[in-house]
Structures are given as C-alpha cells and as structure tokens.
A.B. asks: 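The structure under discussion is supplied below as structure tokens; questions concerning it will follow.
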Amino acid sequence: YAGLIAIVGRPNVGKSTLLNALLGQKISITSKKPQTTRHRILGILTEENRQAVLVDTPGLHTEEKRAINRLMNRAASSSIAEVELIMFLVEGTHWTQDDELVLSKVRQSGTPCILVVNKTDNIPDKDELLPHLQKLGAMHDFRDIVPICATKGHGVDTIRQLCLTSL
Ligand code: GDP
Ligand code: MG
C-alpha cells in the first residue's frame, strides 16, 4: 500500500528543498527564483512495508494573470484534492495572502494536514518561534505542527516519520 502525500505552499517556501531532503536526492529543482517547479514532481519514500508517494507541487499564489500561473495553480489545486495527507509548508517568519489562499484550499479539501514551518534558521530570536507556532495552530485543526530547516536538514527525520506513519 502506498499513500499519496502532497507538499503544498506558496512559491519559494522550500517545498522542493524539503522533498530532496526527505529523499536524500536532488530530484526536484530548487531555486531562489519563485516558480521553478512547474509540474508535479513525484518521489517515493519506502520503509519496510510502508510506502509514501510524495507530490511536489508548483507554489499556489494569487497572481493569476498569466496563463502559466493559472496552469500551475491548477496543478497544485488538483494535488490537494487527490491526496490522503497534505504537508502545508509556510515560512517561520511571515504569513502572506498566498499562504491564506493555500489554507483556504486545504480547508475546502477536508484532507488531513500537517503544518510544516520551514526556514526556522531565519528566525533570529528563538523565543519568537513558540508564539508563532501557537498563532498558526489556532487557524486550523492541523494534525501536527513541525518547525524545520530544510536546508540544514533540521526536523526532516520527523517529517519523514510522519509521512510514513500518518497515512
Ligand atoms: P519551492 O518554490 O517551495 O519549491 O522552494 P525551493 O525549494 O525552490 O526553495 C526556495 C529557496 O528557499 C531556495 O533558495 C532554497 O535554498 C531556500 N530554502 C529552502 N529551505 C530553506 C531553509 O530552511 N532555510 C533557508 N534560509 N532557506 C531555505
Ligand atoms: Mg519547487
């Protein structure tokens, strides 16, 4: 049995970086430039008799003027509707209108969702993290809230275990 998990979030939060860290492979292109991921990229996590298929998605965003943006939003939205578990990535430091859009799609889907707070290395004062997590946690009934730093690999093992055990 292989469960399907989508990694969603606005552009540039680190979705592809997280997928690569989870797999230990550079399967998905990462970039400082937003919208590098234009299609859904699949990766497979396997452990004994459990398997999770991870779907990296283009970032969801509110700017839909260009056709390519509409296409990417559609690819990300249909992933949210198809999976059994959502990994919703946000940044540790700020919440934007695009995050709000992703949250509304998560709510609409009714799919169980784990909130992953990435780029914790950008939070200068670690005392700020807990109140921030509590504020995010109050917005939705998340399965779990996990702070990580995808580039340094902090929290990545926790996410891998959650992927394999939450299905
Ligand atoms: P995506 O658009 O959500 O797939 O984002 P990417 O994975 O392409 O990452 C966007 C940028 O954020 C890249 O420059 C990454 O190196 C950077 N990034 C990803 N994770 C972290 C992190 O934990 N800390 C910091 N400081 N940068 C990160
Ligand atoms: Mg990407």
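In listed order, ligands and their atoms are each counted from 1. Keep in mind that the numbers below use all heavy atoms, side chains included, and drop hydrogens, waters and symmetry copies.
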A.B. asks: N/O to N/O below 3.5 Å, does that happen between T120 and ligand 1?
C.D. replies: no
A.B. asks: Give, for atom CD of Q161 and atom CG of L45, the distance between the pair rounded to the nearest 0.5 Å.
C.D. replies: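 Spacing of CD (Q161) from CG (L45) equals 9.5 Å.
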A.B. asks: For atom 13 (C) of ligand 1, grab the closest protein heavy atom and report residue, atom and distance to one decimal in Å.
C.D. replies: S31 O, 3.5 Å
A.B. asks: Among K152, K119, E91, whose heavy atom sits nearest atom 27 (N) of ligand 1?
C.D. replies: K119
A.B. asks: Is it true that D99 and T96 share a donor-acceptor pair across their side chains at a distance under 3.5 Å?
C.D. replies: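 T96 vs D99: donor-acceptor pair found between side chains.
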A.B. asks: Counting non-hydrogen protein atoms only, what is the nearest one to atom 2 (O) of ligand 1? Give residue, atom name and distance.
C.D. replies: N12 N, 2.9 Å
A.B. asks: Is there a polar contact, in the sense of an N or O pair closer than 3.5 Å, between D56 and ligand 1?
C.D. replies: no
A.B. asks: How close does the nearest protein non-hydrogen atom get to atom 20 (N) of ligand 1, and which residue and atom is it?
C.D. replies: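 Going atom by atom, the protein heavy atom closest to atom 20 (N) of ligand 1 ends up being N118 ND2, 3.2 Å.
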A.B. asks: What residue among I123, V116, T120 forms side chain to side chain contact (heavy atoms under 4.5 Å, CB included) with P147?
C.D. replies: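 Only match with P147 under side chain to side chain contact (heavy atoms under 4.5 Å, CB included): T120.
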A.B. asks: Can you tell me how far apart CG (L19) and CD1 (I159) are? Round to the nearest 0.5 Å.
C.D. replies: 12.5 Å
A.B. asks: Between E91 and R10, does at least one N-O distance fall below 4.0 Å, as a salt bridge requires?
C.D. replies: yes
A.B. asks: Quick one: nearest non-hydrogen protein atom to atom 7 (O) of ligand 1, plus distance?
C.D. replies: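 Atom 7 (O) of ligand 1 sits closest to the protein heavy atom T17 OG1, 2.6 Å.
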A.B. asks: Any idea which part of D121 is under 4.0 Å from ligand 1, heavy-atom wise: side chain, backbone, both or neither?
C.D. replies: side chain
A.B. asks: May I ask you to check if ligand 1 and T151 share an N or O to N or O distance below 3.5 Å?
C.D. replies: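 Yes.
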A.B. asks: Could you check whether atom NZ of K135 has more than 12 heavy atoms from other residues, nucleotides or ligands sitting under 6.0 Å from it?
C.D. replies: no
A.B. asks: Consider every N or O of A150 and every N or O of ligand 1, then say whether any pair is closer than 3.5 Å.
C.D. replies: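 Yes; at least one N/O pair falls below 3.5 Å.
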A.B. asks: With nothing but distance in play, are any N or O atoms of G14 less than 3.5 Å from an N or O of ligand 1?
C.D. replies: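 Among all N and O atoms of G14, at least one is under 3.5 Å from an N or O of ligand 1.
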